[in-house]
Amino acid sequence: MEFLYCLANASLTLRIVEHLHHSKQFPLSFVTVIHQIDGWVIRVKLSGVLDAQTEGDFRAFLNELGIPFSPNIRIQMVLWGLETGQSPIEVMQRYQVAVVSHGSPDSEEIEEFRKQFVQGLGYCPETLA
């Protein structure tokens, strides 16, 4: 079971990652976070199935923060590469995409990415707010 969503900014992405980090009811396989110019993509892959109530609650939570995402072929290949064990650096170089985090949900990686990106630009774009 997996959930794939597009989010407008880093704060929304961090809310989901923090929720997953603190929730013990999700049989997480991995979480992937990708930054794009127009927003963020988050993929939550579970190693098992959620009961209907938990799935509905989580989907409602995700729908409040973002929209279901239908990836283009490049993002599909990025997600597939990461799932099959390719390193995030290798995937980023091959597909020219910013893989911010892959594996256990990690808000520190997102915060560090945001900090370095803003420092490099000299201002904070809306997607990094």
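Below, each value reflects all heavy atoms present in this structure, side chains not excepted, and no hydrogens, waters or symmetry copies.
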Rounded to the nearest 0.5 Å, how far apart are [atom1] of [X] and [atom2] of [Y]?
{"X": "C6", "Y": "D38", "atom1": "SG", "atom2": "CG", "value": "6.0 Å"}
{"X": "L14", "Y": "H21", "atom1": "CG", "atom2": "NE2", "value": "12.5 Å"}
{"X": "E108", "Y": "S101", "atom1": "CD", "atom2": "OG", "value": "10.5 Å"}
{"X": "I42", "Y": "H35", "atom1": "CD1", "atom2": "NE2", "value": "13.5 Å"}
{"X": "T13", "Y": "Y5", "atom1": "OG1", "atom2": "OH", "value": "13.5 Å"}
{"X": "I75", "Y": "S70", "atom1": "CD1", "atom2": "OG", "value": "12.0 Å"}

Test side chain to side chain contact (heavy atoms under 4.5 Å, CB included) applied to I67 and L62, step by step: CA-CA 7 Å; I67 57 173; L62 292 172; over 6 Å; no
Joint hydrophobic cluster, [X] plus [Y], side-chain heavy atoms closer than 4.5 Å:
{"X": "I89", "Y": "I34", "result": "yes"}
{"X": "L28", "Y": "V49", "result": "yes"}
{"X": "W80", "Y": "M1", "result": "no"}

Is there side-chain contact between [X] and [Y], with at least one heavy-atom pair below 4.5 Å?
{"X": "H19", "Y": "R15", "answer": "no"}
{"X": "T32", "Y": "V78", "answer": "no"}
{"X": "W40", "Y": "L12", "answer": "no"}
{"X": "L4", "Y": "L79", "answer": "yes"}
{"X": "V33", "Y": "V41", "answer": "no"}
{"X": "V44", "Y": "E2", "answer": "no"}
{"X": "R114", "Y": "V100", "answer": "no"}
{"X": "F61", "Y": "L65", "answer": "yes"}

Just checking, any donor-acceptor pair under 3.5 angstrom between side chains of [X] and [Y]?
{"X": "N72", "Y": "Q76", "result": "no"}
{"X": "Q86", "Y": "R94", "result": "yes"}
{"X": "D51", "Y": "T54", "result": "yes"}

Over all heavy atoms of both residues, which pair between [X] and [Y] is shortest? Give the atoms and the distance, please.
{"X": "L7", "Y": "G66", "answer": "CD2-CA, 3.6 Å"}
{"X": "V99", "Y": "M92", "answer": "N-SD, 3.3 Å"}
{"X": "G81", "Y": "V91", "answer": "C-CG2, 4.2 Å"}
{"X": "P27", "Y": "G48", "answer": "CG-N, 3.8 Å"}
{"X": "Q93", "Y": "Q96", "answer": "O-NE2, 2.8 Å"}

Could you go through the salt bridge (Lys or Arg N to Asp or Glu O under 4.0 Å) check for E111 and K115 one step at a time? CA-CA 6 Å; E111 290 284 7; K115 178 181 162 190; over 6 Å; no
Between S107 and V17, does a side chain to side chain contact (heavy atoms under 4.5 Å, CB included) hold up when you go through it step by step? CA-CA 6 Å; S107 58; V17 168; 4.3 Å; yes
Return the orientation label for the F58 and F3 ring planes: parallel under 30°, perpendicular over 60°, tilted otherwise.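 Geometry flag for F3 against F58: perpendicular rings.
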Step by step, work out the side chain to side chain contact (heavy atoms under 4.5 Å, CB included) result for R43 and H102. CA-CA 9 Å; R43 179 186 189 197; H102 177 73; over 6 Å; no
